[in-house]
Amino acid sequence: MNAEYWLDTATEKIRFRPDRKAVRRELQDHLEDRMEAGKAKGLSPYEAEEAATAAMGDPVALAEELARVHSPWWGRLWRLSQWALAIAVLVTVSSAVPRLREYLQYEMYDPPFPFSVEEGSYTREFYTGYAKEITVPEAWDIGGSVDLGHYRFTVSGAWVEEWTVSGEDPYPVRQLVITLRASTWRFWEPLNGSQFMILDHMPSDSGGNTYGYDVDTAPGEDEPLSLFCETFQRGATTWLRVELNQTRDMDSWSVPDWVDIPVGCGGDILRVDLSKGVIS
Amino acid sequence: MARGDRSALPGGTAMLVLALLQEREMYGYEIIEELEKRSDQVFQMKEGTLYPVLHSLEKEKLVTARDQEAPSGRKRRYYRVTAAGLQALEAKKEEWQVYARAVTAILTNA
């Protein structure tokens, strides 16, 4: 009989695993001593193995004997602990399933806005099926990153958009778009949209403009320009699209050198420097 | 008496094992070799059956075991008889003497 098979069979009824391993090792030592003795007498390795296992006796009967000696109580406790572990794993996994489904649901959606675009033009499609042709006269690559808390902020894209609002009295629209990306290794705590959105603090730029919600679409000199934000989250990453309306001077408009964007509830300010192409 | 003990001898294998261990500590394979050598091959047990006997003796604290590396480099489990083990051995010897006398008495009178 194969020595490994003999050992497995003889010890298989010992339920407490550490015991089983120790007994197996002891029996294995014995078998090996016996095999070496056989080989010393001129047996081939195969013959020595056969002779050694035969001398040890019936492993099935021995398994019963060993199981009787090695108290089943440790074995039962051991089994019990294994069951407890299995149940704990099951509970953990099943409670994680709803979270996982949430994640997968996000995976199903396409982002509602592009994270970056090239100079030229692109077509933006909305969930409603409405599509808008947008001209992009200028786009920038912004490098660098800023760490706030356990979130890392980078700029996915920055560009200028122009299109015409159609209707009875069509008028041109121009806005500066900056898409920020916040990611975290703490996948269970992605930055949520309401944390990301700028609420109490107003963005501003190098040209002295400020931007706010619910402002006049044709503001006066000292009034804030209009601002619009959208967020999208996938996994541990959240994107924020900031639209900064530039409709005050359609003819004499020039791109600001930088824009300060407050993020998070604390109003930490990220400076997106368009002239240097870096976030800080 | 050890629960693993199924020998026809009163005291059986356990008694013989204790008697051998009385002299020095040994590991399983050594015990088997000694048994064979000293009994002139009369006691030829299946070698595996030694271990349930040893383990139940250990459980009853009649022997203690320790792992030690043998000169060959292999790790071995050495058994040593305890004070309680020596007492048990005396009791088993006693049983054996009673048994042997009874058998002898019947055989010589027959």
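Every value quoted in this text rests on a predicted model; they were computed, and no experiment measured them. In the text below, chain A, chain B and the rest are named by the order of the sequence lines, each starting its count at 1. Computed over heavy atoms, backbone and side chain alike; hydrogens, waters and symmetry mates excluded.
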Chain B contact via A:E64 - side chain, backbone, both or neither, heavy atoms under 4.5 Å: neither
message: Are there over 12 heavy-atom neighbours, none belonging to A:R152, within less than 6.0 Å of that residue's CZ?
response: no
message: Side chains of A:E26 and B:H55 only: does a donor on one sit below 3.5 Å from an acceptor on the other?
response: yes
field: Minimum side-chain heavy-atom gap A:L27-B:E47 below 4.5 Å
entry: no
Shortest non-hydrogen contact between B:I32 and A:R34, atoms and distance: CG2-NH2, 3.8 Å
field: Inter-residue atom distance B:K46.NZ - A:L62.CG, 0.5 Å rounding
entry: 12.0 Å
- request: For B:Q22, look at atom CD and say whether over 12 heavy atoms of other residues, nucleotides or ligands are found less than 6.0 Å away.
  value: yes
- prompt: Which bit of A:A52 is near chain B, if near means a heavy-atom gap under 4.5 Å: side chain, backbone, both or neither?
  reply: neither
message: For a 4.5 angstrom cut-off between non-hydrogen side-chain atoms, does A:H70 reach B:K59?
response: no
task: Count the heavy atoms belonging to other residues, nucleotides or ligands that lie under 6.0 Å from CZ of A:F115, then report whether that count exceeds 12.
output: yes
field: Flag if over 12 foreign heavy atoms under 6.0 Å of CZ, B:R24
entry: yes
message: What I'd like to find out is whether the side chain of A:H30 reaches to under 4.5 Å of the side chain of B:Y51, using heavy atoms alone.
response: yes
- prompt: Considering residues, nucleotides and ligands other than A:D147, do more than 12 of their heavy atoms fall under 6.0 Å from its CG?
  reply: yes
field: Which atom of A:V69 lies closest to which atom of B:P52, heavy atoms considered
entry: CG2-O, 3.6 Å
field: B:T49 OG1 to A:D58 CG distance, which is reported to the nearest 0.5 Å
entry: 11.0 Å
